[in-house]
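Everything numeric here is computed off the predicted structure, so don't read it as measured data.
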Amino acid sequence: RIPARPRSAKMPIVKQPVLFNTPQADEILSALEVFPPDNAFNQVIETWPLHPNSQRMVVSMGRDKPLRYNTDMGFVLVPPDQPRVPVKIVEYPGESDPGPFPVPDNIPIEGWPVWYEREGVTRPSLAEVQRRPEKYEADRHAIIVDSVNRMLYEFFTFGKTSGGWAAGQASVFDLKSNALRPAGWTSADAAGLPIFPAVVRYDEIRRGLVEHAMRVTVSRTRRACVPPATHFASRVDDENLPRMGERLRLRADFDVSRFSPAAQAILKGLKKYGLFVADNGMDWAISVMPDPRIPVLHEELRRIKGADFEVVAAPE
């Protein structure tokens, strides 16, 4: 069940775009109900049965590989009257939702600002990061949340060109609904899933529990998907590989008491709500907001291995 907190909190008035790494964003997010209570992202999976092929799938993802995280998925919260602008869709127009979209001038691009600060590179301005390169360079996700109307807008390979905003793909999700994307359609993630509901946020770390399923990437997936995923990105039919949308959880007997409070907030969530296989990428990598207020957790989380997870199946 979705926590009672957002349903009892009053949504603050949003008059201008608010970046994710601010106290104002924390207040808004604490009052935001992300999807209905029975949505897959809000399901408690502690008692779900093991998938019959759990062990082999975990082996394919790497039993000895560490849990990792990317400081990648930032976003901007916009007011309900945010002006809408066109975004040119250049890669997947046939699997994109139509615009125009409520894109503000300060929309962050994946990884900004923490990735640049912690990777030892000179931190560019947001305007510099927003410029869309002519050739493909990383995923460049961009996320917009209208918290008042509870609408979500997500883009892949997003950025500014001489002709305006452009993206490889655009997805719109109604956070008041359980509706899925059309079968066979991608999203900004290869699984056809939304990204924002699965990202670890600072306000959750501060409260001591990530209260939703998280997203994870793996390097090898199967040519199949399981709801709520709607899309796959593989040519391989090996049943020992996970499908897009496969659900995993941290084992119940894993001792989280020896970890810091910030790490425990994530680990407790991994036991209760689990993970969705959301995209191809680095094995066992979850997404955390690139928020400098979240402590560096790499060394702690790397103590957790693939063998500490199990694949589960929805009860019949």
Side-chain angles (χ1 to χ4, degrees), residues 20 34-35 40-41 70 72-78 82 84-104 107-112 115 129-146 151-175 177 179-199 215-219 221 223-235 243-245 276-282 285 287 289-290:
F20 62 95
V34 181
F35 290 132
F41 280 88
N70 291 318
D72 49 7
M73 302 300 180
F75 51 89
V76 62
L77 299 148
V78 297
Q82 176 67 35
R84 291 175 174 263
V85 298
V87 175
K88 183 179 181 180
I89 307 302
V90 298
E91 293 178 55
Y92 297 92
E95 296 179 26
S96 292
D97 294 306
F101 303 96
V103 180
I107 183 171
I109 305 297
E110 179 176 351
W112 189 88
W115 184 88
V129 176
Q130 287 176 337
R131 293 180 193 141
R132 192 175 194 268
E134 292 185 8
K135 294 183 179 180
Y136 179 89
E137 292 181 8
D139 292 343
R140 294 184 60 86
H141 289 107
I143 301 172
I144 301 166
V145 183
D146 176 349
M151 296 296 296
L152 172 63
Y153 307 85
E154 298 188 341
F155 305 92
F156 175 76
T157 61
F158 184 85
K160 184 172 284 187
T161 70
S162 58
W165 297 109
Q169 196 278 339
S171 298
V172 179
F173 296 92
D174 185 347
L175 298 179
S177 167
L180 305 180
R181 292 186 65 69
W185 278 33
T186 188
S187 65
D189 256 346
L193 295 171
I195 296 172
F196 166 74
V199 175
R215 72 187 286 274
V216 69
T217 58
V218 296
S219 60
T221 55
R223 189 178 180 271
C225 59
V226 58
T230 59
H231 184 263
F232 55 79
S234 174
R235 298 179 180 178
R243 301 165 290 182
M244 286 296 177
F276 279 120
V277 174
D279 208 344
N280 295 320
M282 185 168 58
S287 284
M289 287 195 329

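- Sorted by first then second residue, the salt bridge (Lys or Arg N to Asp or Glu O under 4.0 Å) pairs that include residues 181-194, not counting sequence neighbours, are D97-R181, D189-R215.
- A donor-acceptor contact shorter than 3.5 Å links the side chain of T157 to the backbone of G168.
- Proximity of M289 to F75: side-chain heavy atoms (C-beta onward) are separated by under 4.5 Å at one or more points.
- Residues A188 and S171 approach most closely at N-OG, 3.8 Å, considering heavy atoms.
- For Y153, there are no ring pair (Phe, Tyr, Trp, His ring centres under 6.0 Å) partners, not counting sequence neighbours.
- Every residue was checked against the side-chain hydrogen bond (donor to acceptor under 3.5 Å, both in side chains) condition with S177, not counting sequence neighbours, and none meets it.
- Contact of the V76 side chain with the I143 side chain is not registered, since no non-hydrogen atoms from C-beta on lie closer than 4.5 Å.
- Q169 and T186 share no side-chain donor-acceptor pair at under 3.5 Å.
- Between P100 and V85, the shortest heavy-atom distance links the atoms CB-O, 3.2 Å.
- Using a 4.5 Å heavy-atom threshold, the side chains of M151 and V172 count as touching.
- Ring pair H141/F155: centre-to-centre distance not below 6.0 Å.
- Contact annotation: the side chain of D139 approaches that of F156 to within less than 4.5 Å [non-hydrogen atoms, C-beta and beyond].
- Of all heavy-atom pairs between P197 and V34, the closest is CB-CG1, 3.7 Å.
- Here the closest heavy-atom approach between residue P104 and residue I144 is recorded as CD-CD1, 4.2 Å.
- Residues F158 and I109 form a side-chain contact, since some pair of their non-hydrogen atoms from C-beta on lies under 4.5 Å apart.
- When all heavy atoms of N280 and A233 are compared, the closest pair comes out as ND2-O, 3.0 Å.
- A donor-acceptor distance shorter than 3.5 angstrom exists from the side chain of Q130 to the backbone of I107, with no hydrogens or angles considered.
- No donor-acceptor distance shorter than 3.5 angstrom exists from the side chain of H231 to the backbone of W185, with no hydrogens or angles considered.
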Next on the checklist: Assess the residue pair F276 and F41 against the criterion (ring-ring contact (aromatic ring centres under 6.0 Å, His included)); give the C-alpha distance rounded to whole Å, side-chain angles, the decisive distance to 0.1 Å, and a yes or no.
Outcome noted: CA-CA 9 Å; F276 279 120; F41 280 88; 5.0 Å; yes
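- Side-chain N or O atoms of S187 include one that pairs as donor or acceptor with a backbone N or O of L193 at under 3.5 Å.
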Item to check | T217/D279 under side-chain hydrogen bond (donor to acceptor under 3.5 Å, both in side chains): CA gap, chis, key distance, verdict | outcome: CA-CA 5 Å; T217 58; D279 208 344; over 6 Å; no
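- Other residues, nucleotides and ligands contribute more than 12 heavy atoms inside 6.0 Å of the CZ atom of R84.
- The minimum heavy-atom distance between V90 and R132, with the atom names listed, is CG2-NH2, 3.4 Å.
- Taking the six-membered ring where the residue is Trp, the centroids of F173 and F196 are separated by 6.0 Å or more.
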